[in-house]
2 protein chains.
Amino acid sequence: MARLPIYLRALTVLVERGIGTCSSEDLATATGVNSAKLRKDLSYLGSYGTRGVGYDVDYLRYQIAREIGVTQDWPVVIVGIGNLGNALANYSGFRSRGFRVVALLDAAPERHDEAVAGLEVRPFDDLEEIVAAESVSIGVIATPAVAAQDVADRMVAAGVTSILNFAPTVLSVPEGVDVRKVDLSIELQILAYHEQRKAAPDADLGHATDQEVIA
Amino acid sequence: MARLPIYLRALTVLVERGIGTCSSEDLATATGVNSAKLRKDLSYLGSYGTRGVGYDVDYLRYQIAREIGVTQDWPVVIVGIGNLGNALANYSGFRSRGFRVVALLDAAPERHDEAVAGLEVRPFDDLEEIVAAESVSIGVIATPAVAAQDVADRMVAAGVTSILNFAPTVLSVPEGVDVRKVDLSIELQILAYHEQRKAAPDADLGHATDQEVIA
DNA sequence: AGGAGTTTGTGAACGGAAGAACAAAACGAG
DNA sequence: CTCGTTTTGTTCTTCCGTTCACAAACTCCT
Ligand SMILES: NC(=O)c1ccc[n+]([C@@H]2O[C@H](COP(=O)([O-])OP(=O)(O)OC[C@H]3O[C@@H](n4cnc5c(N)ncnc54)[C@H](O)[C@@H]3O)[C@@H](O)[C@H]2O)c1
Ligand SMILES: NC(=O)c1ccc[n+]([C@@H]2O[C@H](COP(=O)([O-])OP(=O)(O)OC[C@H]3O[C@@H](n4cnc5c(N)ncnc54)[C@H](O)[C@@H]3O)[C@@H](O)[C@H]2O)c1
């Protein structure tokens, strides 16, 4: 379920505040979801709450982390160390949430050996070697759109089975490989859509059909 | 509808290739959605297709752009010019899709007057002035999580009614203000979740959620 | 110990999206 | 002009996620 990471983050905040237990109502308001939905989500992983009391924050946190699979560290490779790739490489939030960037790859020779976030940028052709050596199963694509499909194919061939794609392209991958895409332009366009609706209260009054067949 | 931007992008590609008309089947495979769903989406904006022929690429593209509201340029401010803010400021894809970054704001004085992507980084306190002067209604938050809520409050007070939030926090905003969040850690965690399921075949198999399409 | 007050877990109702299927419309060939 | 082919627009059915509502279970206070 896609909401588990949100609960996990909220629980981490509660742990840091030294809060030992919380009700579904508390967690629900903290994460912005309906409390019934939250309880149903949690009950899906088992009965980890106590009626009349709530949930043990630490215990629930561990259970969710275990369910998601972030009790272990996942090695990750990032391909395309441009504007976005640099930002990602420097992002500390990955590390603290169970992901370890093991390599930065780029096709452009002028980027090689450059140090980014304590890692050197390596040639894209080292992909297979690195994936095999570090048992990498998750790859991040931050290359231009035209290169994304090629990079994805190489990743899949090398053994990567999950891809996070920042390039604005639809990737085609074989069965068994998961792709998630993050497209910032789309996010902005969705905002613009709602924004336009706010400005024009007359909304879509029946886009009336303009043509009638004449007999 | 959240799929319109995807159709728009696919149509833009078709335009660039000089293709004049396309069927719902074509667009569906190009975007990775079901053709019936796509037709239903398009029919929601009106009857812009011709039975037996398909859709006029240029015309449909314009209609979708108009529906989304990207026939005009939307001014955007970015707050928090760190790793991520820099990448966003340098991203050309916003401009080409109907968004214009009008200002880069940061609270840290040492960043001020620095030039990023042809714009100078200005003090966060200039927010209200800029929003008013440029009629900005869309703001992007790329600050650390602790500052995000404050920034959002200031944005809302200044007149921003749509926020794209990259900080891993749940923002609370008044009615009428739209917030979309992009949380990269969550995306990775969802991948890790599926990845773990692949490795452990005892879990509930099934639900193959991937996009399979030919490019 | 018992009752009052909480809070979980879940059965049932609801809503809306997704897919299958088909009739209506356009076009081209003969 | 008519028929066959293609493809849209839409209806109908199915399914999944959300929400409501409530009994069961636990704590605390008297
Ligand atoms: N910068 C942003 O904020 C932003 C926002 C949204 C989406 N994106 C998308 O993310 C992607 C990267 O954006 P960017 O701004 O970092 O671009 P960029 O041009 O700065 O960086 C791209 C990098 O990929 C490398 N590259 C190119 N082809 C490659 C290949 N075949 N194999 C390996 N590496 C290759 C290039 O050498 C370059 O270093 C683009 O698809 C862009 O549309 C970026
Ligand atoms: N870097 C990434 O790839 C990445 C990935 C996912 C999420 N994020 C999130 O995006 C946000 C920014 O990440 P980053 O790596 O760019 O961080 P960063 O520390 O590099 O940059 C943050 C910037 O925000 C500025 N800032 C701090 N408080 C401010 C305030 N109150 N008003 C205005 N500006 C303020 C700082 O001066 C700094 O320049 C964080 O919340 C992070 O969790 C970043």
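The interatomic distance linking A:Y44 (OH) with D:dC16 (P) rounds to 13 Å, in whole Å. D:dG9 atom P lies 14 Å from atom CD of B:E25, rounded to whole Å. One atom, CG of B:D56, and another, C1' of C:dC27, lie 16 Å apart when rounded to the nearest Å. Rounding to whole angstrom units, CG of residue B:L38 and C1' of C:dA18 are separated by 13 Å. Rounded to an integer number of Å, the gap from A:M1 CE to D:dG17 C1' is 8 Å. In this structure, the CG atom of A:L42 is 14 Å from the P atom of D:dT18, given to the nearest Å. Rounding to whole angstrom units, CG of residue A:D41 and P of D:dC16 are separated by 16 Å.
Sequence neighbours left out, the pairs with a member in residues 79-97 of chain A that pass salt bridge (Lys or Arg N to Asp or Glu O under 4.0 Å) are A:D73-A:R95. The salt bridge (Lys or Arg N to Asp or Glu O under 4.0 Å) analysis of residues 171-196 of chain B, with sequence neighbours excluded, yields the pairs A:R9-B:D183, A:R180-B:E187, A:E187-B:R180, A:K198-B:D178, B:E195-B:K198.
Partners of B:T71 according to the side-chain contact (heavy atoms from CB on, under 4.5 Å) rule, which considers only residues two or more places apart in sequence or in another chain, are B:Y62, B:A65, B:R66. For A:E134, the side-chain contact (heavy atoms from CB on, under 4.5 Å) test picks out A:R100, A:V102, A:I130, A:V136, with sequence neighbours left out. For the side-chain contact (heavy atoms from CB on, under 4.5 Å) test, residues two or more places apart in sequence or in another chain that qualify with A:V13 are A:R17. Residues passing the side-chain contact (heavy atoms from CB on, under 4.5 Å) test with B:A158 are B:L127, B:E128, B:V131, sequence neighbours excluded.
Looking only at atom types and distance, the side chain of A:Y193 has no donor-acceptor partner in the side chain of A:Q189 under 3.5 Å away.
Within residues 2-22 of chain A, no residue has a heavy atom under 4.0 Å from DNA chain C. Proximity of residues 170-179 of chain B to DNA chain D (heavy atom under 4.0 angstrom from any strand atom) is not detected for any residue.
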Each nucleotide N or O in nucleotides 14-16 of chain C that has a protein N or O under 3.5 Å away: list the pair and distance.
none

Atom pairs, N/O to N/O, protein against nucleotides 19-22 of chain D, distance under 3.5 Å?
residue	atom	partner	partner atom	Å
D:dT19	O4	A:K40	NZ	2.7
D:dA21	N6	A:R39	NH2	3.4

Find every protein N or O atom lying less than 3.5 Å from an N or O atom of nucleotides 2-6 of chain D, and list the pairs.
none

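Atoms CG and CZ, from A:L184 and A:F166 in turn, are 7.5 Å apart once rounded to the nearest 0.5 Å. Within the model, atoms OG1 of B:T29 and CD of B:E25 stand 7.0 Å from one another, a figure rounded to the nearest 0.5 Å. To the nearest 0.5 Å, atom CG of residue A:N165 and atom CD of residue A:Q149 are 9.0 Å apart. Between the OG atom in A:S35 and the CG atom in A:L27 there is a gap of 10.5 Å [rounded to 0.5 Å].
Residue A:S24 places at least one side-chain N or O closer than 4.0 Å to OP1 or OP2 of C:dT8. Dashed line: the shortest gap from a side-chain N or O of A:Y55 to OP1 or OP2 of C:dG9 is under 4.0 Å.
Residues A:V79 and A:F124 meet the side-chain proximity criterion, which asks for heavy atoms closer than 4.5 Å. When side chains are defined from C-beta on, A:L14 does not count as touching A:D26, because their heavy atoms never get closer than 4.5 Å. For the pair A:T12 and A:E16, the minimum side-chain heavy-atom distance is below 4.5 Å.
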Would you tabulate the side-chain donor-acceptor contacts of residues 83-91 of chain A under 3.5 Å, counting partners in other chains and residues two or more places apart, or write 'none'?
residue	atom	partner	partner atom	Å
A:N86	ND2	A:I81	O	3.4
A:N86	ND2	A:G82	O	2.9
A:N90	ND2	A:N86	O	3.0

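Among the candidates B:R39, B:K37, B:K40, the single residue satisfying the side-chain hydrogen bond (donor to acceptor under 3.5 Å, both in side chains) test with B:S24 is B:R39.
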